[in-house]
Each structure stands twice: as structure tokens, then as C-alpha cells.
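Data first, discussion second: the structure below is written as C-alpha cells.
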Amino acid sequence: MATPKDTTPVQEIRPTTQELRIPERFIPTPTIEPGHNFATITDHISSIVLRRKTPVGWFIGLLIAMGGVGLLSVSISYLVGKGVGIWGINHPVGWGMDIINFVWWIGIGHAGTLISAILLLLRQDWRTSINRFAEAMTLFAVASAGLYPALHTGRPWYDYWLFPYPNTMGLWPQFRSPLMWDVFAVSTYATVSLLFWYVGLIPDLATLRDRARNLWIKRVYGMFAMGWRGSARHWHRYEHAYLLLAGLSTPLVLSVHTIVSFDFAVAQIPGWHATFFPPYFVAGAVFAGFAMVLTLAIPARKFFRLEDFITMKHLENMGKILLATGLIVVYAYAMEWFYGWYSGNPFEIYMLKNRSTGPYMSMYAALWICNGLAPQLMWFKRFRTSTFWLFVVAMFVNVGMWLERFVIIPASLHRDFLPSSWGMYHGTFWDWSMFIGSIGLFFALLFLFVRILPMISIFEMRTLLPEAQAHTEEEGAH
Amino acid sequence: MGGIGKPIEGLYGVIGEFGDAQSLLDAATAAREQGYRDVDAFSPFPIHGLAEAVGFRKSHLSTIVLTMGLIGGLGGYFMQWYANVVAYPLNIGGKPYNSWPAWIPITFECAILLAAFGAVFGMLALNGLPMPYHPVFNVPRFDQASRDKFFLVIQARDPKFQLDEVRDFFDRLNPREIVDVPW
Amino acid sequence: MAQIFHRSANTLSRVTIFGAIFIAGFILWVIGGIVRSPYFTNQGVQREQAVPFSHQHHVGGLGIDCRYCHTSVETSSFAGIPPTSTCMNCHSQIWTNAAVLEPVRQSFASGQSLQWNRVHRVPDFVHFNHSIHVAKGIGCASCHGRVDRMNLVYQATPMTMEWCLSCHRNPEKFVRPRDQVFNMDYVPVNQKQLGPQLVKQYNIRKLTSCSTCHY
Amino acid sequence: MSDDNKLDFQQFRERVGDLRGKEYWRSLEELSRSEVFDEFFQSEFPQQALPLEKGVDRRDFVKLMGASVAMAGLTACRAPNETIIPYVNQPENLIPGRPLFFASAMPLGGYATGVLVESHMGRPTKIEGNPDHPSSLGASNSFQQASILGLYDPDRSQVVRRAGEISTWSEFVAALQPLLSAARTNGAGLRILTQTITSPSLGAQIQQMLTQYPGARWHQWEPVSGDNAREGARVAFGGYANVIYDFTKANVVVSLGSDFLSEGPAHLRYARDFSARRRVRQGDARPMNRLYAIEASPTNTGSVADHRFPVRPSEIESWARQVLAALGGAAAVPAADATPATPVAPQAMARDLAANRGASIVIAGEDQPPAVHALAHALNSALGNIGSTVLITDPVEVAPVNQLESIRQLVTDMNAGAVQTLVILGGNPAFDAPADFNFGGAYQKVPFRAHLSLYYDETSMLSHWHIPETHYLETWGDGRGHDGTVSIIQPLIAPLYNGRAASEVIGALVGGLDATPYQAVRNYWFGRGATEATWRQWLHDGLINGSALPARGATGAPPAVSTMDTVGAPQDGLELIIRHDPTIYDGRFANNAWLQELPKPNTKITWDNVMLMGPGTAEDLGFGGRERDPLVNERRTRMAELQHGNVRMELPVWVLPGHAEGAVTIFYGYGRRQGGEVATVKGPGFDTYPFRRSTTMHGGPGATVTMRSGSVYPIACTQEHQSIDPKIVGDRNIVRAATFAEYQTNPGFAHQGHHAEFELSDASMYPPFQYTGHAWAMAIDTTLCTGCNGCVAACVAENNISVVGKEEVVREREMHWLRIDRYFKGDPGNPEIYHQPVPCMQCENAPCEPVCPVAATSHSEEGLNDMTYNRCVGTRYCSNNCPYKVRRFNFFHYADYDTPALKPMRNPDVTVRTRGVMEKCTYCVQRINHARIEAAKQDRRVRDGEVVTACQQACPTQAIVFGDMNDPGSGVAQLKKEPTNYALLGELNTRPRTTYLATIRNPNPELAAAAAAGKAEAH
């Protein structure tokens, strides 16, 4: 039988916009630049993964990240060997950068699922080109976050006591504790995000399986593709499952940071004990998450020439989201003052006084600048549409969200009820080394991801093309 | 190549390759109209209406997910109730043994977790995945199915399957090519 | 496109998935068994002693009361390990030159203590008190087993926390009349009826607060 | 055979039963001779009458270490193989696993205070006061509590040394002989130097020695000496005398720089008596006493005074004179005197005193010059207090001398080469003798130098011979209390480190009699009519009844005060005050980590000595709040150079509100160069003895201080205070106080007005938990707390609390379960000072519990907030959520598992905590459980007073009361009904079981009015 190999190079097929019959609304800021078809999309994205030669920049980046991982492992060994005393924590400040970083990472870990799930339900098809990337980021952020609760305990080798299992002590976890809620929320979130991400990957893994030339690489991708063959029935169930997952992830993603906020809201320390923490934290998480997506997407699209797929439309939308969530966060900051004043409670009032004029006032001021002022630039289109300014603002927000957690955790603890036990908190070398290390871990994973997996969902990109539209007669009729 | 009316040894079916989604959809519809039942279509992305066109009726996924979710929720609550009320009741900060409000978060998380498992593994199971080996992979150009080509297969086990008729049928749809798919 | 996997891969892949789940469950089950096994609890592990002292002979045979040697069992948290002089009370009269007793005579002459290998050991963060258990009608045999039938003493019960709790939660299942505490052969007759009655009589409380044992 | 065996056994146990009742207070002597047992064993096994001359010897002790069950902390789940090592001959009455209590006495500064020592299987583990002893009445102070650590201290000297080389006792004795024979012939050249001695037996030995060597001389030196008191008494009464005060009879007390509540041999007794007149209760009509304190640097006594006048040291005398003058006393006010800040005060005080003739006390501080002491006596006689509230007895010391002159003489002779042999019995003169004497230099001129001391210290370094001294818990001895009551000191354990007692060294000098300390003491008293019975009674009681010195009749002629030399008018410039350190005393306790880590009263500084000054003075020196507060937040402070005379030294500055302006206080005792790792490395501090010259023993005018801007010094202070706005404390109703007058008109003041908003609220979405059975609770009377630290030290000793060291305290990681919060109120120049002991509140709605993910902290059915160390994973969430911040976390492996010497010291009833575990006060649950078990064995409820927490037991003023809230008859239940009873941070609905009785002070209405008037003018 004749089997002519399809060797048509990418450049040859470049129909014009007219030929592609691209709807008007796409022209100004399209989610995908004109001139693409199934083949070009497929080849471009998969080639990033499959091309033989790895760019030098990637190696350099991975090397630096791996340095961070090294630092992390040193810090962890020293921590387990010596005790949490190597950190700056003390009485009264029992939680320092360990929990700050945990909350910070978890917050960042929200964008992915949010983009994938909620924007999917909202039929925001511009999400398509960034969701894969964001989901990966989520997973790696949650991985970094997970380090801290596990290692912040005084005796980490007994952490397994937090899991309910029948034991010779006849003891069980104490489920009234928000930390137990954390255990379940974070592990569920990690698992579901992983599944969601993997399900999204299956058809693309099949694509890579078919594109790869080396048999073993084919087999590896083939193994994870689980023999996906694009059957119509499979596609149907697949989309159904994906939609259900999205539906499940949406409340999940909201619950996770709600529960993280309970760690504080349930306690009665002034500055923690506030009923509006859940929405406040969730908004903060989205805020932080999108900032991190921008921080990563802007360099990535440049480096891998993905401007065609991650267009200015995406960046601008994310800028708008930054602005929206940023305003919610600022509202929360304002409410803290209102509640403090309205309660007339001396402890609350002093807590606010101490935040704004106490030893950590500089932190609090910086927090307002980063999370309050910087995002306001997003009101203006010329900032929203400038990758430089977007990146700058995103960086401000990243820092700001870390400061927010600092202000909430140590700055509330260090002066609580009895002045006799007031104290100060300062991060030590090991606090910072562990933080930097976790960032290293995050980026190391990210670098590996972009090298071995498609950072943009290929099959979903295909559906964005007008050719993807097909109609049965009945539909065609009217 | 066997006789009329009965499946042919070693033949899975006949597959036709098409250039775009529309023609695949039309082909699938045509095949159904021809009365073929064991038809399947392959595309690089989900095509609206294609599954129905090849005779897909209904997915039972929702039921599975709902059941799993309920199991998860009830199980989660039971776990907490058992641990803190039955197994070792302790006076924790003067709160009652059965402090149900404190148990809502974990109940919820457990429900979500199991429901998600239901969705993913249910989908895979219903799709009969993993299935790394499948006859259609024998089709030389089938690797294009995950790029930009569209395929329609009529299986040999279809009661109406007649090799020549099927080939003719495909010819009429003028696909890029027609291939017999061996087992 | 050529097949990249053999036909068998289909079965194989499914088997591995289910196999993995099964194996994980199996391993957990095994661990659960191990921590309850003598390897961890030392239950039933006999320990060599400098002097092969036989409770079977002294208690079962001669019928010496537990308290003759373990003098402080009713007064103190610590039941007491008899001083050499206690051994010599009799063995200065009988078996005065039995070879096995040489270490005892040695010890008494030199003033160097006999060294016994500890058989029953609760962790240092558990504060167990013999006297109150005896006073509340918990028999020696309930925890230490039929010592009168042990040639070399071994730990008869697991002595894990869940084991302690089994009685602290349901004392009525184990309590016996005070005068039977030191009786090795005591067999409860209709504990169902006697137990609750004794619990009331000795006003035994269900002590499951953490600070009952841990402080 | 088994039957009659059982029968005898029955009797045997009955007898044990009889004896057990008397277990407490039992003496080793009694232990060894209990007829019941002898007879029993005689009859049964004649060949085994067990001889037991002494207590538990070292070999037994080593065995016991093996036998004791709870040795170290949490271990792995896999049990290691252990061996049990029983006795060979078990002492009767020693019931393995049960503590015994023995009466003894702890000497300090020569004076012996009765104690009860808890002994676990031969290991002394805890000191309690002896309720029968007049100097303590059952209370105990931090020195006594910490002496347990002093006993086991591995840094103690363990061998005889000759010129630093290891030697033996017999070699020392041999080396002595030629010298002694020489001394015997010409007599001269032999000197001994001791500290203050009240021990009759030792005194007798020394006298015997002096008669044996006519030319020999006996010198005494103690840095914290009573010289001024002695001289004052001599001026007043024409001879050395011992003055005893009876505060139970005093309505008005005037303290002239005296810290009688926490210093001096009788402070425990005085604190008890004084507090007896301040305990304000419903339906108790007795008026509250009133305390005026005139002092320079704040003391515990001053901190609880109803009126505290911070004045420069030199002004105290003029105050006294004005009061005396106002009373029409013998002496007019010398014209030279400056008039004090508030002229109205002395008159008012005088009127108050006059109104309470015979029922008032004027007491002068040990550091005050003789003149002030004399004036105090003059005032007392003028007020007719002598004979009623003030008793005069003969001196308690064996040979009272002016010790400054005594050591001056010694040094002169040494320099003159007149000293051939010097034997120093205890003390550390090379470190603590007056700087201008250069004792060390003179000492080295002596051909034969021997030094007996607990540590190989600065003096030992310079000695030919060093002999390790026995700790008081290791040897026999005797001593007198503040009123002369004699106690026999009996050992709890054989010398751990081959120590020798002073009596043994004297024995060696006298030659011939090589009596053991036991024989020495025993022979002395049997020589004075003691019988076997009385002797055993004394040991049992811990004192010789009726051995107190008789009070002299009131001296007719009022003391002559006009004649004596006066300090003279206050001068310009700063005045220097030199005081001994409140926690490590004169430096002898510098190696005691418990005392080093004890927050010093009022300053709350640990591990260091600082230069104290008032806020105003600091401002003048350019170290005001703006410069100070940021540093203090960070547990840091500035260095300043202090110059006095020709001595200059850089010292860390610490500003203490209420410190007299124009004066600075420094503390001596730190800066040890030798004598233990803790003393020299972990807590070195600064050696301020150079400032202490024979002319400036307690400081003096003419000091200059200059700030060193650059250098910053870390201070391990457990409670920052400069940065705290008193308003905050007020807003939060942490301290609730009123005057006695206000209380009488409105007893419920603690729950009214602003306080009303901060009451316990029962609002809860859950039904309250029902506590049938016991409900343990505590009430602390803040009126009575003097901040003396006795309770804190007791808590450390009882609960095996780890020492963390200066660096960790600087990092705010101190581990004390019980802390004494100190709050200032009002004018920083002269604030009211409040002490508030804060243990775990044992909240019924404990915020710490619901947040623990593993139920490591939970509630017992008796309402205790249990902390299960072995279950704790260390999330620290509980500590974060504790509003009182009483939880303590083991950030590192603080507990010392390795040092063998420290293992037997630990309380076997309390788990030693490991790294990564939270810990906290549990109301001494081990004591509760012990009591509950004993009660349960007798089928009864635990009686009130059967459980006494360590802090309660130590407290000299009985400010802490613990018991069963559900027992209406219990003391604590009564106090909870008091109108002044309030819950700290009650509005948080934590329902704390520990509550406080509001502070009540009794200021002089006249002065209050005057003050108000003053304010009015100001506005």
C-alpha cells in the first residue's frame, strides 16, 4: 500500500488570516497568532520537548536551581540533626519563616488549578495556552510548600502521628486541630492537582509518543500515554471527566486556602483571630498565584518563542486579575483596621498600633507599597500591555505577599496579650537558606518540566483553530 | 481474505484517513447511515458530535463520581467521629467529644478526594485504558492521528462488514487513503 | 506507524497498576503486625540470668508469697527486687553449697550486688505504680502471667499502651477480689457479675487521662 | 513451712505498716536503729543483725543509680537491655521507689536554716523548708533550692592538690606535722582564716586549737559581712549584739535601705511574719501593716512597700535623723544635712510611728553605715519597740569580730612576714577580699598555704595545698539560726567527691584526734548533756528545741547617737552603690547554673551583672528612651565606663525605674576567673570587686559614668520593660490594685469600673464540661508576693527544668515553667512595682488543646491541662495560642543526658524532656498523683493540704494556695470566694483555674493627701 510520508516542512503551509476565516474578535489581541494550523502548533510545541539539542540557557538555569536544591538538602540535614532551634523562633514567636514560607508557597500554588478549573468552567478559552504551565507551577509550589509543615515540627520523625492509622498506643489524631485540616486539605489538593494535570497531559503524551523518533523515548511517553489513540468515545468521556474534575477542583481550591487561613483565624491571637480571613486569604492566593504565573510566563514565552501562543491578550488579562484580586486584598487590610476600631478591644487596637508603629512598621509599610500601590498600575493599558511593567508589578506582588504573611505571623505573635512575654523575631541564616533552597527546588522542577513535557496543551490549542469547528448536517442545516 | 458475511481472520477492520475534522464527521455519519455499527473515529482533538455519530450513547461517569464523593464524605466524617468519640474520647479544651463543626473541613476534603479518584480512574476504566497495544497502531500513518489527520475505522466484527463493500464505501468518501488494519 | 508495545503490554500494564495497590496495602498490614510482635514488645522473650532463679520452683513449688521477695509491691510504685540477704535467709540454711547459688554467696560475702537482666520494662515516660493496682484488686497474674509456671521469667503480656488501656477502660473485666490478688491460680467465676460489683466496691475509676501515667 | 513463713511475713508487714506512718522526718540514725526490725531479724535469722552505722554509702549509691527506674527521658520504642542492681543488704524502712525526708540545715553566711531533704533511694533530690525551724517556718529560698545542683555539680573540686598536682589527704596531714611542731614551740606564725562561724562544735574545736597553739590567730572574713550591723549595735548597745525583729506585732515598719524580706539569715521568717499582717481577707478585721522603704536601688522589700522613697545612699541617714528629731529623739538633725526631696514625708512617718509606739519597727540594711544602724536602734528605743517588736540577744556568731579589721590585720601580718602557715577554711579571699588589700599578693608571701573549698578557685590557685570541701548535704555539722537556734546538719549522702569537712582540717591541725565529722559533732553535744534519745530527737526535728538565745532586757539608757561619726552631707556627682548579687550571692554560687539563670528581682536579668541607674540619670548620660528602647527590644544594652576612685571599668548599663537618681548600683560576685565552667565561661559577667576597697565596701560618692556609644552588649533579660507603656498594662487589667482604704469601702473594686469589661464570660456554643471529683485550682495573692524567686527555683528543682544558658535566654528561650512578671505603674522615677507569679493557668477552656493535632495536650478529668511529652511532635501551635505564654519549647536538646553526676539529681517522678517537645507547669501533677494513690489505697478523698505544689511549699509569704476547688472547705475554695479574686485575661473565656487576688497597698492617707496637693499645685 502506498504510504507517502508527510514530510511537508512547517514553513510551507502558512495560509493568510482570511483563509483561516478567523473571527473578528480575535484580530486585535488573538489568543493564538494567525498563520497556524494543527501541524504547526503540534510541531512547534512538541519540538521544544523533542528536539535533540538542549539550549545552553536551560542548562545554566537548571544548574543554578540545583544549587538551591543542594542548599536545601544541607539545611534540612542540619535541621533534623540539630533541632528547630537553628531558626529564629522563640517564645513567644513559635512560628517564623517556616510557616510564612508554607503559606506563601501554598498561595502561589493556587493559580494553576484556578486557571484550569474556574476559567474552564467560565469558558475562558484564553486560559488554554497557560493552564498547563500554571498547573505544573501549582504542583511544584505545593511540593515546596509541603516541605515546611513536615519539617517545622520539633520531632519530624513522628510526623506520621498526624495520619489516622490503628496503632499500638490506641491513639488517634485530634481532628479539632486546624493542622489536621491542613494535612487533609493540602494532601488532597496536591493529589487532585496532580491528577488534573496528568489527565490534561494524556493526549499530548500520545502526541509526543508519535512525534518522538527514538524508540525508547516513544516507549516512555507511550507508557504514560496509556495507549491513547484519540478515539471519539474516549474523547467524549475524557472531556466529561475533565469537566467534572474542574467542577471538583473549584471548591477544593477555595477550601485549601480557607483552611490554611483557619490555622490563624481559629487561634485567638490578636491579628489572627478574624472571621474574614478565608476570603481574604483566597483572594491573596489568587493574587500571588497570578503574579507568579506572570513572573514565569513572561521570560518563558520570550525564551521559547511562544509569543504566538501566549499572546499579549493573556498577559493583559492576568494583569486585570492582579488588579482585581489586589483590590480585594487591600480591602481586607482596611477591614482589619475597621474591625480593630469597631471592636474597641484593646488587644486588637494595640495590635494594629504595633503593626503600623511598632518594631516591624517598615515591613508593614513595604507590604502596603507592594500589594497596595504597585498593582494600581494595572489600571492603565500601557502598563498592562508592557511585559516589562507586568513583570515588575508581579515581582512586587511576590515580595508583598511574603511580607503579608510575615506581618500576620511573627508580627502578631511577638506582642500578644501579656506584655511580660513580648519578644522579637529575626530569621537566621538557616531560615533563609531553607527559603532559598525551596525556591531552588521549585525552579529545578520547573526546568525539568519544560524540557520533558509540553508546557502548552497541544490538543487544546488545536481546538482553538477554526478548522476544529465541524458540524453534523442537522446543525449545518440551520 | 475471507468469504462473505463472516469476520476475516487477522483483520481488525478497514480504516480511512481524512484531511480535516468536517470530512471525518461526515464520513462517520455516512457510515452510520450505511448501517455500520462497530465504527470508531480518531482525531487529534475532541470533535463535537463525533462520538454520537459513531453511535456513542451515554457516559456513566457522573454516577461513579457522585457515589465516590458520598463514600468519601461519609467515610471522612465517620473516621473523625470514631477516633474522637468512640476510640479515645478526651476532654479537649472543654469541647464536647462530638465537636461536629470542627469536622466539616476534613469531611469535605475526603469527599472531593474520592470523587476526583472516581472521575479519573472511572474515565480510564470506561475507556479501557491503559491499552498500549491496539490494532489501529498498525496503520502506518496513524501517528498523524495525534497531529493533524483524522481516521475512521469500520471493524471487521461488524455484522454488515463486507471487505469489498467497506472499501467501496470509503472510496466514495475519497479519503487520503484506505488501509486494511490487521490484528 | 509500527507498534511500540507488544500485545502483552495491555495485560501487563493493568496487572502492575492493581499489583502496586495490593502490595502497598500488604506492606502496611505487615508493619502493623511487626510492631505488635515480640520483636517490638519483647512478649514471651526469656532472658538469661546470672542465677537461674526459677519462679516455678519457689512460687509454684514452695508456695512462697510474691511479697516475700517483692516487698514493696503494696507500698510503692516499685515492686522491689530482693536484696541478696533475702536469698540468704533460706540459702544460708539449705542448699548451702549448691553450685548454682555460688553467685549469691559471692555477692553476700563480697557485698557486690547480683545483677539481674530486666524483664519487664515500661518506658521512662510512663509512671506505673504497683501498689495502687494491687490495692484495687488487679492480680499479679493479670499482667505478669502465670509466673508460678515460669522457669525463667518472661514478659507474658505485650505491655503496649493499647494493652494498658484495655483494662483502664474496662476494669470490670479484669478486677478480682483483693484477697485473690496474689493467688496465681485464681480463676474468675462469672466475672460479668462479679466485676462491676467489685468496681463499685473498690470504687475504681476509669482512668484514661493522659496524666494518669504520663507526666 | 510456707504457712508459718507467711504468718511471720504477715507480722513483718504489719510492723512495716506501723513504721510507715513515721516515714517523714525520719533521721538516718533512727533508720539504723529501729528496734522492731532488729528484734524481728534477730528472732528470725540471728546471724543477720544488719549493721548500718552511716547512711547510704557510695557503693550503694552507685547501685541505686542503676535501680532507680526513671533515670533519663524519652527513649526509642525498642527497649534496650537493662540490668537491675538490687541491694545486698537493703536498709529497713527504705522502700524502693518511695522518697524519704530527712531534717538538716543549710548554712549560709554562717547562719544555718533548717531544711527537709527529699531522698530518693539514697539520692537527695529536693530541698524543702523545715516548718519547725524558726528561721524558715517551712519556707525555702532559691539558695536552698539550688544547693541540690551545688551538691552534684561536676565542676566541684574532687581531689587534694599540692601546687596544682593531684595529691592525697594523708600527704597533706604529713606535710602539716613539721609546721605544727614548730608552731607548738613558738606558737606564732600559724593562722587560720574562716568565714563567719556559728557552729558550736567547730567553734569549740577552733578554741581548742588556739589554746593548743597560743601564738596562733583566728581571722574571719565574709564579703557579705554584718560588720556595719555589728558596729551599729556596738554603738547603740555598747557591745556586739544580735537583733531580732518580730513583724507579727508591727503595725508600721520603716526600712532604712533594708531588704529584710529577701536578705539576711532571717528573711524567710521575716517575710512570713510580715505577710501575716498584710493578708487581707473577708471578715478579718485586723488592720493591714504599713511599710515605708527609704532606699536607693530597688529591693524586693522596697517593691512591696506602701511608700517607697528613692533617695541617694547618703541621704538615708539624714532621713533617719529627721524622723528621730520629729519624735523628739536624742539627736538633733546636723545642720550639714541636706533636706530630702519631700520634707513632709519624714514628719508624716514620725507621726505614724509615734501612733504605734511599741508596735513598730525601724530596720536598717546590712549595707547601711553603722550610723544608720545606730539611728535605727535609737528610733526603736525611742518608740519603745525594744523588748516588744525588737529583741536584743547575745551575738549568734561564735566569735563576732569586725571582719574588715580582722582580714586587714591578717594581710598586714602576711606582708610583714609574720605568717608562716595560713589555713583557709572555706571562702575565696583571693577573689573577694577588699581590693586595696591585694590579698593575693600578700598571701603568696606565706610559706605554707592551704585552702579548703568546694571548688578549685582563685584562692586555691595561689595555695600550696587545696583540699576539696564537703557539701553540707555530705557531712555532719551544726549551726545556729538567726535567733541562735541550733540545728544538727546531717548528711544525706556520703561525700561524692572525696571532700573533707572543716572540722577534719582543724582535727588535722590539732593533731591526735582524727575524728570523723560525725564523731566531732556527736562528741561535742554528748559532752554537753545530749543523750541518745535527745540526740535522735534533735536529728528528727532538725533543731534543738529551746536553744534560741534569750532576749536581753530592754536596755535602760537610750543609745547614744549624737556622738558617732556620720556619713556627712550628700555630695555632688554620682554616688556608687555596691551590693552583692541577688542570685549568685558573693560569687560562691557563680557555678550554679540554676541560680545563674534565675531572673534577678526587679531587673529580670540572668547570667550577668549590670550597672543599674534611674531613668533620669540615664537621660543625663545620653541614654534616654529613644536610644534605649530599640536596644532593649533586642535584648541588648550599651556599655558605659564607671570610674570610682582610681578604678575604671566598662559595665553594661541597665535602667531600672525607681532607682534613685544621682546614684548607680553595681553588683559583685561575677567575673570569676577560676572555679567551674559555668562560673568562668558560661556566665562570666564582670568582676566589680576592684571597686570594693576597705574604704568603699558599700560604695560611696564621687563616681563618674561615661557612655560608650559604640559598644553594644547582649543582656539575657527575661522581661523587656523600658518599651512597655504602663497604659497598655492598665488597659489590659493585668494588674488590679487598690489601697486598703479603698478596699474597705469597696471590696469588689477588682470587678468594677474598667475591670468590669474584663470579667470571665461563660458564653459558649458548647455545654460546659462537668468536673465531679477533684477540681485542682490555685490562687495567688499578689499583695503578698515579694518577687523573691523562691518558687521559681523550687519549680526548677522539682520538675527537672533544663538550663539553657545565656545565649538561649538572649534568644528568648528560657524554660522556666513559673515566671514572676514585674510591672511598673506611675512615675518612672518612683513607680509602684507589682509582682505577678505566672504558672500555667490550667484553663478549663484551654486554647492550647484544640489546636494540637496529636492530642499531646488534653484535659484530665480533674481539670488539669495535661502535657504528654512523649506524644508531642512539636508544632508549637499550642504555645502560639496560649494567651499567657506559659508554654516552654525544647528548641534544642537542652536536657543534659550525658553528665553522669547530674542524673541522680533529677526527680525520678518527672520525665526529663527531650528535644522538640513542648513542656509546661502541670500543678506538680506527680505530687497530685502520689497523693491520689495514697488516698485511693485508703479509700478516701485527697484531703486539703495533702497536695502541696513545689512553688507553694517554697513561698515564704504563703502567697500561693493550691487545692481542690470542689472541696468547699479547702483553702483555695475560700480564696476563690474573696471579692478581690480575679482571673487574668478572664474575658478570653479561658476559664483559668489559677486566679489572682488583687494587690492591696496601705499608703499613709496623710501622705496621699499631700501628694494629691502636690499634683494640684503642679497643674
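Quick note on labels: first sequence line is chain A, next is B, and so on, each numbered from 1. Computed from a prediction, not measured in an experiment: that's the story for all the values here. In what follows, every heavy atom counts, from backbone to side chain, and hydrogens, waters and symmetry copies are set aside.
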Closest-packed option against chain D by number of heavy-atom pairs under 4.5 Å, given A/Gln268, A/His426, A/His414: A/Gln268
A/Pro173 portion near chain D, given a 4.5 angstrom heavy-atom threshold: both
Segment of D/Thr718 engaging chain A (4.5 angstrom heavy-atom cut-off): backbone
Ion pair D/Glu849/A/Arg176, N-O distance below 4.0 Å: no
Winner by heavy-atom pair count (cut-off under 4.5 Å) against chain A, out of D/Glu634, D/Arg888, D/Arg871, D/Lys885: D/Arg871
Proximity breakdown for D/Cys878 and chain A, heavy-atom pairs closer than 4.5 Å: neither
Which atoms of A/Val93 approach chain D - backbone, side chain, both or neither, heavy atom under 4.5 Å: backbone
A/Phe347 and A/Phe417 aromatic ring geometry - parallel, tilted or perpendicular at 30°/60° bounds: perpendicular
Aromatic contact, A/Trp432 with A/Trp402 (centres under 6.0 Å): yes
D/Phe891 ring center within less than 6.0 Å of A/Trp87 ring center: no
Residues in residues 834-844 of chain D near chain A [non-hydrogen atoms, under 4.5 Å]: none
Output field: ring centroids A/Tyr280/A/Phe277 closer than 6.0 Å: yes
Residues A/Ile408, A/Trp272; criterion side-chain contact (heavy atoms from CB on, under 4.5 Å); working and verdict: CA-CA 7 Å; A/Ile408 290 174; A/Trp272 285 15; 4.1 Å; yes
Top contributor to chain A interface from D/Ser879, D/Ala856, D/Cys872 [non-hydrogen pairs under 4.5 Å]: D/Cys872
Mutual orientation of the aromatic rings belonging to A/Phe338 and A/Trp341 [parallel < 30°, tilted 30-60°, perpendicular > 60°]: tilted
Ring-face cation contact, D/Tyr869 with D/Arg913, 6.0 Å cut, 45° max: yes
Whether A/Tyr160 and A/Tyr165 hold their rings parallel, tilted or perpendicular, with breakpoints at 30° and 60°: tilted
Residue, of A/Thr168, A/Ile89, A/Val84, that accumulates the most heavy atom pairs under 4.5 Å with chain D: A/Ile89
Option in D/Asp821, D/Asn890, D/Thr875, D/Val854 with maximal non-hydrogen atom pairs under 4.5 Å from chain A: D/Thr875
Residue of the set A/Asp182, A/Thr153, A/Leu179, A/Asp159 for which side-chain contact (heavy atoms from CB on, under 4.5 Å) holds with D/Pro853: A/Leu179
Side chain / backbone / both / neither for A/Phe163 at chain D, heavy atoms under 4.5 Å: neither
Among A/His152, A/Met169, A/Met180, residue most engaged with chain D (heavy-atom pairs, under 4.5 Å): A/His152
A/Tyr339 ring center near A/Phe276 ring center (under 6.0 Å): yes
Proximity breakdown for A/Ile86 and chain D, heavy-atom pairs closer than 4.5 Å: both
Aromatic plane relationship, D/Tyr996 with D/Tyr982 - under 30° parallel, 30 to 60° tilted, over 60° perpendicular: tilted
Pairs of heavy atoms under 4.5 Å with chain D: top-ranked of A/Met424, A/His91, A/His273: A/His91
Which portion of A/Trp172 sits near chain D, non-hydrogen atoms under 4.5 angstrom: backbone
A/Phe281 and A/His257 aromatic ring geometry - parallel, tilted or perpendicular at 30°/60° bounds: tilted
Most chain A-contacting option - heavy-atom pairs closer than 4.5 Å, from D/His893, D/Arg635, D/Glu814: D/Glu814
